[in-house]
Novice: 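First the structure, then my questions, so here it is.
Positions are given from 1, in the same order as the sequence printed here.
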Amino acid sequence: LPSPNVQAWPTSGQTAVLVRLLQERGLSAVSIGCGEGAFEALLEEAGVPVRGVDLDVLPSYKTMRCFLRGGIIRVRPDELFRIDEPSRTCLCFVWGRALPW
């Protein structure tokens, strides 16, 4: 389960709709602000290619759990929007209950 300070949104029904829409359009997902990647892992398990991206601003990120098989890319704020295939990518912006700063 995700840490107590995060929420896995959307619901399973909403996730299914998002998965269907992404797959119908042949899109992958880049999730900005993914934290531990709990929501992104749901997309990954459903067959959607997912890249989890989060800011590298706290030392604790080095030891944070990761739910994504492909890992999470930790970047500086100025690197957030460097996307390999922007025309074939859906951006997901994810926020938990609390910010770490």
Novice: Return the OG to CG distance between S31 and D54, rounded to the nearest 0.5 Å.
Specialist: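 If I round to the nearest 0.5 Å, the distance is 8.5 Å.
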Novice: Going by the side-chain contact (heavy atoms from CB on, under 4.5 Å) test, name the single residue among L21, T15, L22, L42 that passes it with V48.
Specialist: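 By the side-chain contact (heavy atoms from CB on, under 4.5 Å) criterion, V48 pairs with just one of L21, T15, L22, L42: L22.
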Novice: Heavy atoms only: give me the nearest G71-C66 pair and the separation to one decimal.
Specialist: CA-SG, 3.7 Å
Novice: Can you give me the closest heavy-atom contact between L43 and A29, atom names plus distance?
Specialist: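 Looking at all heavy atoms of both residues, the shortest contact is CD1-CB, 4.3 Å.
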Novice: When rounded to the nearest 0.5 angstrom, what is the spacing between OG in S28 and CZ in R51?
Specialist: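 Atom-to-atom, S28:OG and R51:CZ are 9.0 Å apart.
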Novice: Enumerate the salt bridge (charged side-chain N to carboxylate O under 4.0 Å, His left out) contacts for residues 14-24, please, sequence neighbours excluded, ordered by first and then second residue.
Specialist: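 Non-adjacent pairs meeting salt bridge (charged side-chain N to carboxylate O under 4.0 Å, His left out): R20-E24.
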Novice: Using the rule given for side-chain contact (heavy atoms from CB on, under 4.5 Å), can you reason through V50 versus F39, listing the C-alpha separation, both sets of side-chain angles and the distance that settles it, and then say yes or no?
Specialist: CA-CA 10 Å; V50 179; F39 164 64; over 6 Å; no
Novice: To check you understand the geometry: which heavy-atom pair defines the closest contact between A41 and F67, and what is its length?
Specialist: CB-O, 3.5 Å
Novice: Where do V53 and I72 land on the side-chain contact (heavy atoms from CB on, under 4.5 Å) test, with the steps shown first?
Specialist: CA-CA 6 Å; V53 180; I72 295 170; over 6 Å; no
Novice: Partners of R69 by side-chain contact (heavy atoms from CB on, under 4.5 Å), sequence neighbours excluded?
Specialist: E44
Novice: Within the side chain of Q23, is there an N or O that forms a donor-acceptor pair under 3.5 Å with the backbone of A46?
Specialist: yes
